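Here's the structure we're looking at; comments come further down.
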Amino acid sequence: MQKPILFGADYSVYVRAVRLALFEKGVDYDLVPIDVFAETGPPPPYLTRQPFGRIPALEHDGFQLYETGAITRYIDEAFEGPALQPADPCHRARVNQIISIADGYVYSTLVWGIYVERVSKPLRGEPSDETRLAASLSKAPVILKALADLMGDGPWLGGTALTLANLHVAPMMDYFAKSPEGLPMLDRHANLRGWWSRMRERASMRQTEPGE
Ligand SMILES: N[C@@H](CCC(=O)N[C@@H](CS)C(=O)NCC(=O)O)C(=O)O
């Protein structure tokens with residue numbers, strides 16, 4: 001089998017989810033840089049891999065794939081290493097539910113609505129959209145409570161062993177935790193706070209820090 005080739009950038013939460021899955025499975029890979037936020041946009045040939053111009057995309061043994069959820073599930077199923085999806089239908093559904101929550105609510109609210117508006121734009125000297133920030137700050141508690149409720153006693157999101165749910169949520173939580181409101185909001189949920197402390201210490205998280 002050839003090494004998989006991952007197209008993307010280390011700042012992307014979605015690319016990081018794939019990198020986490022590869023790391024946790026013990027799979028070596030090549031990362032081909034694609035900067036979707038470059039002034040000129042992604043290189044036009046990349047659009048043949050990902051017609052929507054988003055990252056990541058994966059190629060493995062000639063098989064081309066995009067959409068992060070499809071990629072991480074493929075990695076889990078195509079390679080040896082610890083299973084990142086439970087076999088039991090209820091637990092597997094829970095993992096998929098949490099991944100869907102990450103895509104549908106966590107990314108837009110905690111990453112774009114809070115981290116980008118509160119931290120990233122001021123760092124770049126751009127004005128924040130205060131209306132969007134305020135709306136996101138009021139939505140965040142609902143998201144965190146939903147994750148905390150689904151997690152229960154843990155120790156991981158979606159089960160007693162590490163699952164893909166953790167690998168999808170963690171990169172988003174990492175940006176959220178870098179905003180001033182992040183950790184104080186997480187502190188309201190002891191189980192989720194404990195999860196974040198464990199998750200951020202994993203070798204996979206440390207090795208995939210943006211900018212490392
Ligand atoms: N549905 C896509 C979403 C990927 C995505 O939104 N990636 C971001 C980077 S984290 C991106 O490429 N953004 C570029 C843009 O919005 O133009 C997936 O699951 O792979």
Side-chain angles (χ1 to χ4, degrees), residues 4-25 27 29-60 63-78 84-85 95-121 123-124 126 128-129 132 136 140 143 147 157-158 163-179 182 199-200 204-205 207-212:
I5 307 166
L6 177 62
F7 297 82
D10 69 352
Y11 58 70
S12 158
V13 296
Y14 283 104
V15 172
R16 194 175 185 191
V18 174
R19 296 178 74 203
L20 290 174
L22 289 162
F23 190 102
E24 295 287 350
K25 295 293 279 190
V27 178
Y29 62 98
D30 290 318
L31 181 65
V32 174
I34 298 289
D35 184 6
V36 274
F37 297 121
E39 260 179 39
T40 49
Y46 178 69
L47 298 179
T48 60
R49 296 188 176 277
Q50 218 295 6
F52 305 102
R54 303 279 180 112
I55 48 177
L58 187 88
E59 179 167 339
H60 179 229
F63 176 56
Q64 295 190 7
L65 189 62
Y66 65 86
E67 286 302 301
T68 306
I71 295 173
T72 57
R73 289 174 182 98
Y74 170 77
I75 289 165
D76 189 33
E77 288 156 18
L84 298 172
Q85 298 172 94
V95 167
N96 290 330
Q97 180 186 17
I98 294 170
I99 292 173
S100 195
I101 290 171
D103 289 341
Y105 313 105
V106 181
Y107 183 54
S108 57
T109 304
L110 302 194
V111 178
W112 283 95
I114 298 180
Y115 173 77
V116 171
E117 296 299 341
R118 191 82 166 88
V119 179
S120 176
K121 281 187 176 177
L123 277 177
R124 293 198 304 262
E126 289 175 27
S128 301
D129 179 339
R132 184 176 189 187
S136 301
I143 294 171
L147 291 175
L157 289 168
T163 65
L164 291 180
N166 302 269
L167 310 185
H168 281 251
V169 173
M172 301 180 187
M173 201 59 83
D174 197 22
Y175 278 123
F176 176 62
K178 289 185 167 87
S179 61
M199 195 63 217
R200 65 192 295 217
S204 57
M205 285 293 284
Q207 294 277 328
T208 57
E209 266 291 325
E212 293 293 303

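Just so you know, these numbers come straight off a predicted model, no measurement behind them. Just follow the structure's listing: the first ligand is 1, and inside any ligand the first atom is 1.
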Say you draw a straight line from OH of Tyr115 to OG of Ser136; how long is it, rounded to the nearest 0.5 Å?
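So the OH of Tyr115 and the OG of Ser136 are separated by 15.0 Å.
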
So for ligand 1, is [X] a polar contact partner (N or O within less than 3.5 Å, distance only)?
| X | answer |
| --- | --- |
| Glu67 | yes |
| Ile55 | yes |
| Ser12 | no |
| Tyr14 | no |

Taking all non-hydrogen atoms of both residues into account, name the closest pair between [X] and [Y] and its distance.
| X | Y | result |
| --- | --- | --- |
| Val169 | Ala102 | CG2-CB, 4.1 Å |
| Arg132 | Ser108 | NH2-O, 3.7 Å |
| Ala17 | Thr72 | O-CG2, 3.9 Å |

Of all the heavy atoms in [X], does at least one lie under 4.0 Å from an atom in ligand 1?
| X | answer |
| --- | --- |
| Phe37 | yes |
| Gly41 | no |
| Tyr107 | yes |

Determine, step by step, whether Thr163 and Asn166 satisfy the side chain to side chain donor-acceptor pair (under 3.5 Å) criterion, reporting the C-alpha distance in whole Å, the side-chain angles of both residues, the deciding distance to 0.1 Å, and the verdict.
CA-CA 6 Å; Thr163 65; Asn166 302 269; 2.9 Å; yes

Report, in ascending order of atom number, the atoms of ligand 1 lying under 4.0 Å from any heavy atom of Pro56.
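Near Pro56, meaning under 4.0 Å from one of its heavy atoms, ligand 1 has 20 (O).
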
Suppose the criterion is side chain to side chain donor-acceptor pair (under 3.5 Å): which pairs have a residue in residues 30-53, not counting sequence neighbours?
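As it turns out, the side chain to side chain donor-acceptor pair (under 3.5 Å) pairs with a partner in residues 30-53, which skip direct neighbours, are Lys3-Asp30, Tyr11-Asp35, Arg49-Glu59.
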
Would you call the rings of Tyr74 and Phe63 parallel, tilted or perpendicular, where under 30° means parallel and over 60° means perpendicular?
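Plane angle between 30° and 60°, so tilted.
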
Residue and atom name of the nearest protein heavy atom (relative to atom 20 (O) of ligand 1), distance in Å to one decimal
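Ranking protein heavy atoms by distance from atom 20 (O) of ligand 1, first comes Thr68 OG1, 2.7 Å.
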
Can you tell me the protein heavy atom closest to atom 17 (O) of ligand 1 and the distance?
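Of every protein heavy atom, Arg54 NE, 4.1 Å lies nearest to atom 17 (O) of ligand 1.
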
